[in-house]
Amino acid sequence: MNLDEIVQGCAATELLYLREMDLKALQATITRVLPDKGNHFYLVLDKSIFHPKGGGQPSDKGRLRGDTFEVNVKKVIDNHGVLVYWVKGVAGSPVIGLVHCELDLENRRLISRRHSAAHLIDHCLSTITNEPVQTTDSWLGEESYVGYKGELPSSELLQKIEGRAKQMISNGAQITISFLNSKEASVLKNAPNFERLPNLSELRIVTIAGCEPIPCGGTHVSNISQIGELSLHKTHKVDDYGYRIYFAIA
Ligand SMILES: [Zn+2]
């Protein structure tokens, strides 16, 4: 089904996860229901604690419960500011009206730990090479990686980055979220993803205490000590732009 057709006439979803990352459950309103095959449905809600697939993050998962139905959230997709939930029926069929939303916390925690780890790798790469880094892309699902412009790092450099990141995780540092208007954004010109930022009226900034602020719409842990055991296990050259560093957390 065409996403543009699904969201036609819908107001932008209120993205609660941007400001309140700790919200695990929420009462929201389903404003649109469209059936899909195999007992699946497309839903639009007025507000969301679910992070959609995007910015390197896989979608949040979880479940929605109304008075007469329950569905599992399989995927959330952002279509020009309107989030579309692709869900599978567990009991009954979803209807327009109030709904109780609940995140799959285990999945959220894992993705948040990986996302904070990716920012930490940016920081360690930049401080060890003494050069600002430019990220190209990232993936925080299975086979997590961060992509950078430039030459493939040596295994010695990779070990140094891993060593520093591990030390910082063991020391711990708070992660804070703040917001800047677009005029204030020039202070971020050394951010690893500055070249890739969308032109928004407001930028969300994620800062690991003691590190450079990074514009980011993703979910994070509140302290890097929660990342756990980090390993950088592989690099891979990507012909057109640079390389990827693959990492894992345990
Ligand atoms: Zn980020």
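Order of appearance sets the numbers: ligands from 1, and atoms from 1 within every ligand.
- Between Y148 and the choices D137, T136, D122, the side chain to side chain donor-acceptor pair (under 3.5 Å) rule is met once, by D122.
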* Asked: Taking it one step at a time, do Q159 and S155 satisfy side-chain hydrogen bond (donor to acceptor under 3.5 Å, both in side chains)?
  -> CA-CA 6 Å; Q159 272 180 16; S155 57; 5.6 Å; no
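- With a 4.5 Å cut-off on side-chain heavy atoms, Y17 and R108 count as touching.
- Listed for the N79 side chain is no donor-acceptor partner under 3.5 Å among the backbone atoms of V82.
- Taking a cut-off of 2.8 Å, the protein N, O or S atoms nearer than that to the Zn ion (ligand 1) are H115 NE2, H119 NE2, C216 SG.
- The aromatic rings of Y246 and H233 lie tilted to each other, with the angle between the two planes from 30° to 60°.
- Not a single donor-acceptor pair under 3.5 Å links the side chain of H119 to the backbone N or O of A117.
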